Every structure is written in C-alpha cells, then in structure tokens.
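Below you'll find the structure, written out as structure tokens, and then a few comments.
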Amino acid sequence: MDTPAAASIDREALVSRLQALLPDGSVLHTDEAQRPYECDGLTLFRQLPLATVLPSTESELLAVVAVCREAGVPIVPRGAGTGLSGGATPHAQGVLLSTAKMSAILAIDPVARTARVQPGVRNLAISEAAARHGLYYAPDPSSQIACSIGGNVAENSGGVHCLKYGLTVHNVLRVRAVTIDGDVVEFGSGALDGPGLDLLAVLVGSEGMLAITTEVTVKLIPRPQVARCIMASFDDVGVAGDAVAKLIAAGIIPAGLEMMDQPATRMVEPFANAGYDLDAASILLCEADGTPEEVEEEIARMSEVLRAAGATGLRVSTSEAERLRFWAGRKNAFPAAGRVSPDYYCMDGTIPRRRLGEMLRAIQQMEAKYEMRCPNVFHAGDGNLHPLILFDANDPSSLARAEAFGVDILELCVKLGGTVTGEHGVGIEKINQMCVQFPADEREQFFGVKRAFDPHGLLNPGKCIPTLHRCAEYGRMKVHGGELPHPGLERF
Amino acid sequence: MADGLIDQVRAAAGQGRRLRIRGGGTKDWYGEQPADADAATVLDTRGHAGIVEYDPSELVVTARCGTPLADLEATLAASGQMLACEPPHFGSGATVGGCVAAGLSGPRRATAGSIRDFVLGAKLINGRGQHLSFGGRVIKNVAGYDVSRLLAGSLGILGVITEVSLKVVPAPVAETTLRFDGIAQAEAIRRLNHWAGQPLPLSASAWSGDTLHLRLSGAAAAVRSATTALGGEVLDAPSAATFWLALREQSAPFFAGDAPLWRLSVPSWTPPLLPGGHSQDAPPDMLVEWGGALRWMRSTLPAETMRAAARDAGGHATLFRRGSLSDAQASGIEAAGCFSPLDPALLRIHQRLKAEFDPAGVFNHGRLYPGL
C-alpha cells in the first residue's frame with residue numbers, strides 16, 4: 001500500500017505506551033481481540049492493525065495522536081465500520097482508532113435547531129433524540145440504524161432523501177476535530193458561515209485523512225407533517241428513466257425518488273413483503289412530504305406526469321404503514337442481496353440522469369459477458385446507481401469476474417460524464433478507478449490538500465487518492481493491445 | 001478556451017508578478033485592500049464566458065467564469081429554474097466566477113443554503129498554470145476531496161476559477177410576502193426562530209425599524225395555509241419583488257449612509273447584539289436577515305468592539321463596506337482587517353493550502369488575509 005515508511009516499529013513498546021495513556025480495555029492488541037476490526041463493510045479486504053484503540057474522551061484521543069505522531073505510526077480512524085469502500089480498513093503498520101466509545105449526545109437545542117454530538121453517535125439516534133421537539137436530522141443512509149455521525153462526516157453520506165434535503169455537507173454546521181499536529185480545531189460554527197476559507201466543506205468527505213472528528217454539530221429540521229409515496233410501474237427501464245427526467249423538468253423535487261429494476265424487486269419482495277409490482281420491468285418510488293395540502297397537490301402533479309410519461313400503473317400509499325413498507329423493500333435491498341447470493345458487490349457510481357437508459361443496457365450486456373446477475377437499485381433523483389453484482393467469494397473465478405464487472409461499470413460511469421463514487425467513498429475499493437477519473441495534476445493537488453492538513457501523511461494513508469506510481473501500475477495492468485484505456489477521455 | 005488565461009498566469013508566475021483576478025469589478029470593494037494591490041496586474045476573466053452545458057432535467061448548469069450572472073439567471077428563468085441562494089450582484093457586470101469566488105448568498109440563504117452548497121464542480125488554474133478539474137456535473141460525487149466547494153468564498157487566493165457547475169432548483173410555484181409592523185427586534189428574533197422550527201415554507205426574512213418582512217415560497221397550498229396561519233399584511237407582488245431585490249442588492253434605505261457597514265454572522269437565536277454599551281431596552285439600529293443569523297449595522301465603533309459582540313455570541317464580524325471614513329478612522333479599522341482573525345491552527349492550514357495551490361503567491365495577494 002502507498003504508505004509513509006514506517007521503518008521498524010516496536011509493537012510491544014507502542015502498545016505499552018498506549019496502555020499507559022488509556023483506561024483498561026481501551027487498547028486491543030491480540031489478534032483475537034482485534035478480529036472485529038479487521039475490516040469495515042468492505043469485507044473483501046481484511047487486515048489486522050498493530051493495535052486498536054478506543055478512546056473515550058477528546059483528551060485520550062489527543063494522547064493517542066501524540067504517541068503515533070512521535071513514533072511515525074499511521075492512524076486509521078473508524079466510526080461504526082459500516083462503510084462500503086474500505087475507508088476504515090486497518091493499516092498493517094498502523095493503529096486503528098475507533099470512536100465507538102465517544103457516543104454521547106451532548107445537547108439537543110430545539111430553539112437553535114441543532115444537535116451537538118460525539119462522533120460515535122449513531123445517525124438514527126440523533127433523529128430519535130430530536131423527535132420530541134418535532135425535529136430530525138435529514139441525511140438517512142440506509143445503514144442509519146448502525147452508522148455513526150463521525151463516519152457520515154468522513155464519507156459525506158447521502159441517503160434516499162438527499163435530492164430535497166442535501167448530503168451530510170449540507171446538514172453539518174460545525175466539526176470539532178484533532179489534527180495530526182495535536183491541535184483541536186473548530187471547523188464551522190453555530191453561525192451560517194465563518195471567516196476565511198470554507199475548510200469544513202473540504203473536511204466533510206475527506207475519509208478521515210485530514211483530521212479526526214471529536215464532536216459534530218448538525219442542523220435539525222422540522223419533521224414534515226405528512227409523507228406519501230407513489231409506486232409507479234413501467235414496462236421498460238428506459239421509459240422509467242425518462243419519467244424521472246420529466247418529473248424534474250416539471251419543477252418537482254420529490255422528497256425521495258428511487259428506482260428498482262425487476263430483478264431487484266423480485267429479489268427483495270420475498271424478504272420484505274413490500275407489495276411491489278413484480279410484473280413491472282421497473283418501479284419508481286416517488287415521495288412527497290410537507291403539509292397535508294402540499295402533499296395532496298404534489299401527489300396529484302407527480303401522478304399526472306408519471307402517467308403521461310408512460311407508467312403502466314400507479315399506487316399511492318394510503319397509510320403510513322404502507323408507505324413504510326414501500327421503503328422497507330428499498331432499504332433492505334442490500335441485505336436481500338446477501339440472502340439470495342453468497343456474496344454481493346455494491347457499486348456506487350453516479351451518472352447524469354439522461355444517460356440512465358444507456359447505462360442499464362450496458363449493465364445487461366455485462367451480465368451476459370461475465371455470466372453474473374446484477375440487480376439494480378438506485379437513487380434515480382440524483383443519478384446515483386447501486387448495481388449489486390452477485391457472486392461467490394469462495395470461487396476465485398467468480399470473485400475475479402465480479403471485480404472486473406465492477407471496474408467496467410465504474411469506468412463507464414466516468415465515460416458517461418459521472419463519477420466512480422456518489423456516496424460510499426473511494427477508500428481502497430475504488431482507488432484504481434480514481435486514476436481513470438482524475439489526471440495526475442489533479443491527484444497531485446489533492447495530495448497538496450492532504451499535506452496542508454497532515455504534512456507527514458499519517459492519517460489514513462493510502463486511501464482515497466492514488467499515487468502516481470499506483471496509477472502507472474494500474475495503467476500497465478489495463479493496457480490491451482498496446483492501447484491505454486479511454487485515451488480521449490474527457491475529464492468530467 | 002482558457003488558454004489566454006493560462007498563458008497570463010504562467011507569464012506572471014515566471015516573471016514573479018502578482019495578479020488581481022477580476023470579473024465585472026462589482027465587488028472590488030470587498031475584502032482586504034492591501035497597500036501594494038495596485039502593483040498587481042489585473043487578470044480580466046470576462047473574455048472567458050458562456051454557458052457550457054445546461055439541461056433543465058439534470059438540475060445542473062455549467063458556465064464559464066466570465067458569464068454575466070444576469071445572463072445565467074435569465075437562462076435558468078426561461079426554464080422555470082433559478083440559483084437557490086439568490087446571490088447578490090452589486091452591479092450590472094457581476095460574473096459567475098466572481099459570484100462563486102466571493103461566496104456571498106442572498107435572502108434565501110437561511111432556508112435554501114449558500115452558494116457553496118450548490119457548487120458541484122469547478123475548473124481552476126492554479127499558481128503553476130495547471131488547469132485542473134474538480135468535482136463534476138452530477139449531484140452526488142464523493143471522489144477525492146471536495147476542492148470545488150472550497151473555492152466558494154476563497155476570494156481567488158487559490159487560483160482562477162474558469163468554470164463552475166452549479167446545482168439549480170425549480171422556481172417556486174407560489175410566493176407571498178407578509179409584513180408585520182410594530183415588532184421589536186428581540187420579539188422578531190424570537191418569532192423567526194420559533195417559525196423556523198415548524199414545517200412552514202419560509203424562504204426569506206428581514207427585520208429593521210420595528211417592521212418584519214417574511215417571504216413564503218413553495219407549493220400553492222402550503223403558501224396559502226401558512227399565510228392564513230401566520231397573519232400579517234400581504235404585500236402585492238411587485239412591491240414584494242422590489243423589497244427583496246433592494247435587500248439583496250443593499251439598495252434599501254437601511255444601507256444608505258457613510259459609516260462602515262458591518263456584517264455580523266451569529267447563531268440565529270442570538271438576542272439583539274449590543275456593541276458599544278447599548279442596553280437591551282434600546283438596542284442599536286440593525287437589519288436582521290436569515291431568520292436571525294445575519295445582522296447588519298452601520299457603525300463607527302472600533303473594530304474590536306464589533307468583533308467582540310459577534311465572538312461572544314459564537315459568530316464573527318466582517319467589515320463589509322468601508323463607508324466614507326476619515327483617514328484616521330480608516331487607518332484604525334484597516335489595521336484591524338476586514339475579516340475576523342483566524343485561530344492559529346486554522347491560519348496554519350490556510351497558509352499551507354495557499355502554498356500548495358499558489359506557491360509563488362501570484363493570486364489576489366492579501367485579499368483574504370495579509371500574507372495569503
């Protein structure tokens with residue numbers, strides 16, 4: 001991996017220094033104790049670190065950072081470990097720093113409409129704590145029961161409602177963080193802007209490579225009085241894709257706008273009993289929220305557009321239970337994939353919405369080419385695709401084909417004017433595809449940003465931004481018949 | 001297309017000259033005005049203009065830096081869309097690049113978000129004369145660090161923004177402005193924060209001189225029911241449009257005068273600010289925007305007095321316009337700087353970022369902070 005030279009680290013000395021600083025049970029060093037931390041949600045990559053630390057306070061965390069900085073030992077921060085791109089995959093010569101014990105909700109302020117929480121607080125726990133004030137935290141990644149807000153900040157997590165309510169970066173006011181220099185820095189504030197450069201904007205989504213979050217202040221917004229959801233059926237995926245564009249062009253921003261193809265609905269239905277139309281080639285879930293009058297008006301407008309766009313059937317949720325069932329199917333797509341296949345590989349590319357039909361046709365051809373199934377669920381409103389490649393990791397040929405399939409999808413996303421990752425992050429999973437998306441000068445400028453925060457490259461090294469060397473290796477691997485892939489590729 | 005700009009940057013870097021990046025010059029007065037600013041060559045971005053891509057169904061527009069902001073807004077309006085944050089122009093020549101580099105947002109900011117919230121991608125010429133592309137033209141994108149959002153409000157110190165991709169939003173179907181008279185500042189702030197915690201279609205607010213204006217935007221039914229629930233006097237549409245435009249462009253009567261104009265950005269629920277020994281019973285004359293989160297004040301009080309008032313509330317104060325000060329007063333305020341001083345650790349990160357993007361210090365030297 002691309003890491004700073006961690007010469008010869010005396011593991012025993014490091015462990016005893018850490019043990020001297022932290023309470024009993026907060027430093028794990030045996031293989032057995034560290035096993036739960038050997039991977040995050042990207043289970044293909046497993047690695048035991050030198051030690052795993054679980055600080056309970058900011059001052060304990062500062063002490064760990066000081067020890068690692070002095071010893072030149074890399075630190076990999078970890079939230080709940082639900083990330084799908086290997087952002088928290090441990091470093092063989094590094095310390096894994098889990099924020100799991102920093103899990104207190106420090107303040108819910110109903111007047112300011114903010115929550116101040118420690119990084120280990122679960123995403124959903126914030127909304128649960130704010131519920132009695134009629135408020136909630138909007139970004140809702142499908143792992144929201146388990147994922148932590150610190151991890152959300154690191155990954156700039158999205159969710160099914162972000163077309164209308166934004167991503168993590170739009171809903172975080174302030175992040176308190178520890179730099180590798182040992183400074184405690186406040187990025188952002190309780191006001192709507194701050195002096196100087198907007199460093200909060202670059203900290204969010206930086207995959208734990210710029211600073212370690214110790215406290216987050218998020219925006220809370222009023223919970224809509226009512227929400228209703230339309231399930232629209234289509235006999236062609238391309239027509240469904242066009243319907244999405246027509247909704248947006250009609251000036252409607254649905255609270256949620258999700259698409260599933262038939263293999264996905266058929267995979268999910270036995271598991272979630274969502275009531276999906278299993279005969280449809282694809283279904284769209286379109287949600288309206290707001291006041292009762294507003295929702296009624298928007299459901300009527302959306303129904304009209306969807307019918308005109310060729311929907312073969314519409315069902316509008318008539319109760320909260322039915323609406324939640326519609327969403328349960330979508331939110332359980334990943335677990336359902338895990339039930340029908342020994343393993344699945346979840347892609348996360350984003351493309352301009354108008355290229356949706358093209359993308360889906362290409363994925364169908366890839367299914368034939370690689371002889372693998374790939375149901376598709378996606379955040380249609382923002383063009384963020386989650387093709388689920390089903391494979392068997394115990395079969396080396398199946399694993400290799402799944403990886404090649406994934407690479408094909410991601411590189412096509414770039415070619416269609418999109419990105420290799422919409423919300424799951426680069427981590428180690430998509431690091432090679434970053435070579436395709438960004439030329440060398442851009443990558444070098446990214447390293448410049450990293451150096452500005454972390455001059456010695458000790459925070460989560462080797463993730464997110466590939467080195468020149470790594471891209472050269474990848475390029476050699478990908479050369480076919482003397483030609484580089486996508487020689488005339490546009491940058492966007 | 002950007003070759004001319006790249007050549008000028010490379011030439012300046014090669015000759016050790018400084019550049020002052022300038023679009024329509026509508027915000028020349030904003031930010032620090034270092035004594036040696038005149039020594040810098042103006043890099044005029046207006047030749048690099050035009051909308052590169054706009055598909056209303058994608059909710060994304062990509063435009064070159066020199067594109068007049070008014071042209072961009074007219075193009076969006078023709079498809080029933082708009083820039084969500086209602087950015088100020090401060091003059092007819094305002095450009096897209098200047099809008100993003102200044103990072104200023106208008107009345108809609110508190111509920112819709114700021115210009116940085118809508119930046120999806122940007123192209124930048126750095127101090128090495130490299131033309132770099134960050135982000136993209138899709139709404140969700142977490143590949144690499146979010147450098148394009150970092151450029152919003154950077155005042156050109158990291159490089160020349162040559163192109164930006166912005167998320168746009170549909171124009172609201174219905175809009176109503178309500179006026180409430182005889183409301184004191186403290187009461188206005190209390191009400192604004194109370195309303196913001198409820199599911200109401202708020203899109204702007206402004207309080208000054210005991211009058212509160214509130215704008216509602218959204219679905220017709222939602223605006224109608226909120227109007228009934230909130231009461232107040234309904235302004236006719238042309239008067240309402242004039243009012244919000246005058247607020248955005250700071251041509252409203254409140255902004256007239258010779259004293260420096262201070263911009264105090266604070267948590268929205270902060271009670272009336274009392275710099276310079278005012279009492280809670282007689283707070284100084286201010287204009288309150290953004291649901292309470294932005295306070296404007298014309299004042300000749302010392303910079304430190306204004307800064308302390310904002311800082312104590314958890315915010316910061318900016319000398320937004322210098323006004324027509326006597327030299328003695330001006331020198332006192334100039335010495336204190338336009339923007340609130342940065343914490344040392346933050347300043348260090350700023351200095352390193354500047355060195356990474358613009359090692360020779362070609363761009364907008366001293367415009368944001370001395371030495372940057």
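Letters A, B, ... mirror the listed sequences (proteins, then strands); counts begin at 1. Everything numeric here is computed off the predicted structure, so don't read it as measured data.
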request  = Please state whether the side chain, the backbone, both or neither of Glu423(A) comes within less than 4.5 Å of a heavy atom of chain B.
outcome  = both
ask   = For Asp289(A), is it the side chain, the backbone, both or neither that has a heavy atom under 4.5 Å from a heavy atom of chain B?
value = neither
ask   = Side chain, backbone, both or neither: which part of Thr291(A) has a heavy atom under 4.5 Å from chain B?
value = side chain
key: Min side-chain heavy-atom separation Ile349(B)-Leu199(A) under 4.5 Å   = yes
note = In terms of heavy-atom pairs under 4.5 Å with chain A, the winner among Ala196(B), Gly292(B), Ala110(B) is Ala196(B)
inquiry  = For Leu210(A), which atoms come within 4.5 Å of any heavy atom of chain B: side chain, backbone, both, or neither?
reply    = side chain
inquiry  = Tell me if a side-chain donor or acceptor on Glu294(A) pairs with a main-chain N or O of Ala221(B) at a distance below 3.5 Å.
reply    = no
inquiry  = Test side-chain contact (heavy atoms from CB on, under 4.5 Å) on Glu442(A) and Leu124(B); report intermediate values, then the result.
reply    = CA-CA 10 Å; Glu442(A) 275 80 349; Leu124(B) 178 85; over 6 Å; no
request  = Under 4.5 Å heavy-atom distance to chain B, tell me which part of His424(A) shows up: side chain, backbone, both or neither.
outcome  = backbone
query = Non-hydrogen atoms of chain B under 4.5 Å away: do they reach the side chain of Arg113(A), the backbone, both or neither?
reply = side chain
query = How about Lys164(A) and Val169(B): do any of their side-chain heavy atoms sit closer than 4.5 Å?
reply = no
remark   = Turns out that what part of Gln198(B) lies under 4.5 Å from chain A's heavy atoms comes down to backbone
remark   = Looking only at Asp55(B), Thr318(B), Asp343(B), most heavy-atom pairs under 4.5 Å shared with chain A are made by Asp55(B)
message = Which atoms of Leu135(A) are under 4.5 Å from chain B, going by heavy atoms: the side chain, the backbone, both sets, or neither?
response = side chain
request  = Pick whichever of Gln130(B), Gln351(B), Arg190(B) has the most heavy-atom pairs under 4.5 Å with chain A.
outcome  = Gln130(B)
note = Cut-off 4.5 Å, heavy atoms of chain A, and the answer for Ser340(B) is both
ask   = Is any NZ, NE, NH1 or NH2 atom of the basic residue among Asp198(A) and Arg149(B) found under 4.0 Å from an Asp or Glu carboxylate oxygen of the other?
value = no
ask   = Is there a donor-acceptor pair closer than 3.5 Å between any side-chain N or O of Glu58(B) and the backbone N or O of Arg353(A)?
value = yes
Residue pair Ser114(B) / Leu192(A), side-chain heavy-atom distance below 4.5 Å = no
message = Between the side chains of Asp193(A) and Arg109(B), is the shortest nitrogen-to-carboxylate-oxygen separation below 4.0 Å, so that they form an ion pair?
response = no
remark   = Cut-off 4.5 Å, heavy atoms of chain B, and the answer for Asn156(A) is both
query = Ion pair present between Asp454(A) and Arg352(B), side-chain N to carboxylate O less than 4.0 angstrom?
reply = no
Inter- and intrachain pairs under ring-ring contact (aromatic ring centres under 6.0 Å, His included), touching residues 165-191 of chain A, at least two apart = none
ask   = Does a side chain donor of either His131(B) or Asp441(A) reach within less than 3.5 Å of an acceptor in the other side chain?
value = no
key: Side chain / backbone / both / neither for Thr421(A) at chain B, heavy atoms under 4.5 Å   = both
remark   = Heavy-atom nearest pair, Gly315(B) first then Ala191(A), reads CA-CB, 4.4 Å
ask   = Between Phe446(A) and chain B, which part of the residue has a heavy atom less than 4.5 Å away: side chain, backbone, both or neither?
value = both
remark   = Looking only at Asp146(B), Asn141(B), Leu150(B), most heavy-atom pairs under 4.5 Å shared with chain A are made by Asn141(B)
ask   = Within a strict 4.5 Å, meaning less than it, do heavy atoms of the Leu353(B) and Val449(A) side chains meet?
value = yes
key: Results of side-chain contact (heavy atoms from CB on, under 4.5 Å) for Ser79(B) - residues two or more places apart only   = Tyr54(B), Pro56(B)
remark   = For Ala245(A) and Ser57(B), the nearest pair of non-hydrogen atoms, with its separation, is O-CB, 3.5 Å
key: pair Gln445(A)-Val147(B): side-chain heavy atoms closer than 4.5 Å   = no
message = Under 4.5 Å from any heavy atom of chain B, what part of Arg223(A) do you find: side chain, backbone, both or neither?
response = backbone
query = Of the backbone (N, CA, C, O) and the side chain (C-beta and beyond), which part of Lys450(A) lies under 4.5 Å from a heavy atom of chain B, both, or neither?
reply = both
query = Which bit of Tyr145(B) is near chain A, if near means a heavy-atom gap under 4.5 Å: side chain, backbone, both or neither?
reply = both
Residue part contacting chain B, namely of Glu444(A), when any heavy atom lies under 4.5 Å = neither
query = Where does Val169(A) contact chain B at under 4.5 Å (heavy atoms): side chain, backbone, both or neither?
reply = both
request  = Take Leu197(A) and Leu372(B) through the test side-chain contact (heavy atoms from CB on, under 4.5 Å) and record every step on the way to the result.
outcome  = CA-CA 11 Å; Leu197(A) 296 170; Leu372(B) 288 185; 6.0 Å; no
task = Determine the option with the most heavy-atom pairs under 4.5 angstrom with chain A, choosing from Ile139(B), Asp117(B), Leu200(B).
result = Asp117(B)
Side chain / backbone / both / neither for Leu368(B) at chain A, heavy atoms under 4.5 Å = side chain
query = Could Glu293(A) and Arg224(B) be called an ion pair, given the rule that one side-chain N must be under 4.0 Å from one carboxylate O?
reply = no
key: Presence of salt bridge, Glu155(A) and Lys140(B), under 4.0 angstrom   = no
key: chain A contacts, top residue of Gly103(B), Ala220(B), Ser105(B) (heavy-atom pairs, under 4.5 Å)   = Ala220(B)
